[in-house]
Amino acid sequence: MPKPKKLFIETLGCAMNVRDSEHMIAELNRKESYALTEDLSQADLILINTCSVREKPVAKLFSEIGVFNKKKKPTAKIGVCGCTASHLGKEIIKRAPSVDFVLGARNVSKIAEIVHIKHAVEVDTDYDESSYAFGVYRSNPFKAMVNISIGCDKGCTFCIVPATRGEEISIPSDLIVQEITKAVATGAKEVMLLGQNVNNYGRRFGTHEEQIDFTGLLQKVSKIEGLARIRFTSPHPLHMDDAFLEEFASNPKICKQIHVPLQSGSTKLLKAMKRGYTKENFLNRCAKIRALCPEATISTDIIVGFPGESDADFEETMEVLEQVRFDQLFSFKYSPRPMTEAALYETQVDAEIASVRLSCLQTRHTEILDEIMGGQLDKVHEVYFDELKPYGKIAGRSDDGKLVFVDGSEELLGKIVPVRVVKTSRGALDGTLI
Ligand code: 5AD
Ligand code: SF4
């Protein structure tokens with residue numbers, strides 16, 4: 001047996017990228033043996049799995065390649081993968097000739113084919129790998145992420161993703177069930193279903209024909225024996241029909257945590273973003289979630305400083321924050337992206353103003369979060385433990401998605417156990433086993 005090669009992999013961006021990295025590791029290992037290393041200077045292959053949703057990580061890429069060039073073994077190869085690879089393609093090799101190959105976010109299954117081809121560039125955003133059965137690799141056997149679709153059909157005017165990941169294609173439901181069944185057999189009790197727009201599932205398949213929507217998929221997945229919990233990310237508020245929300249609320253296997261990306265509270269801006277809903281529609285969907293499932297936690301994404309955002313528009317976003325009181329907030333300053341409509345709008349907002357709005361939003365949300373988390377003391381949660389932590393701690397998630405730490409060791413891994421909260425903080429809870 002030859003000695004395994006060493007692979008250093010850096011993953012930026014979203015959960016989809018984390019899963020793509022796992023797929024790349026699995027695919028490489030089908031042909032040759034690779035062992036992961038965290039020491040760049042030892043690596044034979046260096047992969048950078050990039051994100052291009054905002055400008056900063058893209059700018060960082062080239063300086064990072066420079067640093068890697070100095071630290072790496074002279075024979076080590078560098079591959080740039082992910083959304084920036086799709087977006088910049090061969091430009092990457094032009095600007096950084098030390099890069100050996102470029103692999104787009106929609107070409108993950110080709111990695112083993114091109115890893116040894118000098119200056120290969122595979123960035124076809126029409127490539128359909130929706131029916132491809134990837135090799136199996138999970139960085140944590142207790143955490144299973146499973147893709148349910150590739151690409152995105154929504155033309156949100158701020159978002160580069162449709163240009164980097166191509167049109168939306170759903171993965172056949174039998175393939176999804178097969179993947180989850182394998183993950184359950186190796187220890188996972190919980191699955192995270194992944195897609196850019198999960199509740200648009202079933203709109204279009206590749207070569208395969210099937211009549212099923214996201215609600216149908218949830219029902220099918222929940223029949224998998226041994227699977228205790230289902231999470232999903234990200235849904236789109238526009239596709240949150242009543243049938244879906246009723247399934248979410250009534251299916252005991254579906255974790256009561258839902259991401260409802262707002263982006264802006266101003267109907268005028270939502271229109272300019274081409275989100276397809278109004279402030280009122282959004283509030284109505286959140287109210288429906290609260291009515292059907294009062295225990296559910298709601299998280300969101302908000303962009304401030306989108307072109308044309310006035311003080312009054314921003315106030316509307318603050319109003320939605322007050323009304324919904326999101327349990328988690330991911331907030332961003334608008335970043336103009338190439339290949340997007342909004343980058344061409346002439347009403348770009350001053351960066352200073354956007355920064356002030358961002359900090360105002362985050363400050364108020366922090367206060368809300370302190371109140372929410374403060375109210376958790378003495379509460380009991382069913383926690384799925386999936387990660388060992390330093391100092392004799394083990395971490396897991398409550399059904400509603402809160403991070404919980406207790407004193408404990410391996411024997412709790414993969415178990416769902418009741419825990420009483422003894423200490424709260426903004427980001428996590430400390431508990432004791434009951
Ligand atoms: N600028 C800032 N934030 C963005 N997002 C997507 N595109 C941009 C952009 N151009 C945010 C959205 C999305 C999240 C994943 O990233 O809020 O929901
Ligand atoms: Fe981007 Fe909108 Fe698609 Fe989300 S739904 S990936 S924000 S285009």
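Keep in mind that this is a model prediction, so the values were computed, not measured. Both counts, for ligands and for their atoms, begin at 1 and track the order of listing.
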J.: May I ask you to check if ligand 1 and F158 share an N or O to N or O distance below 3.5 Å?
T.: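 Yes, F158 has an N/O under 3.5 Å of an N/O on ligand 1.
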
J.: Side chain, backbone, both or neither: which applies to K333 and ligand 1 if a contact is any heavy-atom pair less than 4.0 Å apart?
T.: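 The answer is the backbone of K333.
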
J.: Above 12 or not: heavy atoms from other molecules or residues under 6.0 Å from CD of Q219?
T.: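 Yes, CD of Q219 has more than 12 neighbouring heavy atoms, counting only those of other groups under 6.0 Å.
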
J.: Name the option, out of T340, D301, T300, that contains the heavy atom nearest to atom 15 (C) of ligand 1.
T.: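 Minimum heavy-atom distance to atom 15 (C) of ligand 1 goes to D301.
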
J.: Using atom types as modelled and distance alone, determine if a side-chain donor or acceptor of D400 lies under 3.5 Å from a backbone N or O of K256.
T.: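 Checked: no pair found.
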
J.: Determine yes or no for a side-chain-to-main-chain donor-acceptor pair under 3.5 angstrom, with S86 supplying the side chain and T164 the backbone.
T.: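 A pair under 3.5 Å: yes.
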
J.: Show me which atoms of ligand 1 lie under 4.0 Å from any heavy atom of I303.
T.: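 By the 4.0 Å cutoff, the relevant atoms are 3 (N), 4 (C), 5 (N), 12 (C), 17 (O).
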
J.: Evaluate ring-ring contact (aromatic ring centres under 6.0 Å, His included) for Y201 paired with F205, printing each intermediate quantity in order.
T.: CA-CA 9 Å; Y201 179 81; F205 289 92; 5.8 Å; yes

J.: What atoms of ligand 1 come closer than 4.0 angstrom to any heavy atom of V53?
T.: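 The atoms of ligand 1 under 4.0 Å from a heavy atom of V53 are 4 (C), 5 (N), 6 (C), 7 (N), 8 (C), 9 (C), 10 (N), 16 (O).
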
J.: Quick check: are there more than 12 heavy atoms from other residues, nucleotides or ligands sitting under 6.0 Å from CD of E371?
T.: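 More than 12 within 6.0 Å, yes.
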
J.: If you measure every N/O of Y334 against every N/O of ligand 1, is any gap under 3.5 Å?
T.: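 Such a contact does not occur with ligand 1.
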
J.: Who's closest to atom 12 (C) of ligand 1 heavy-atom-wise, of E55, Q263, R337?
T.: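 Selected option, by shortest heavy-atom distance: Q263.
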
J.: Distance-only, no hydrogens or angles: does the D100 side chain make a donor-acceptor pair with backbone N or O of G79 under 3.5 Å?
T.: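 Looks like no, no N/O pair under 3.5 Å.
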
J.: I want to confirm something. Looking only at heavy atoms, which of S335, P261, C51, S331 is nearest to atom 9 (C) of ligand 1?
T.: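 Nearest option to atom 9 (C) of ligand 1, by heavy atoms: S335.
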
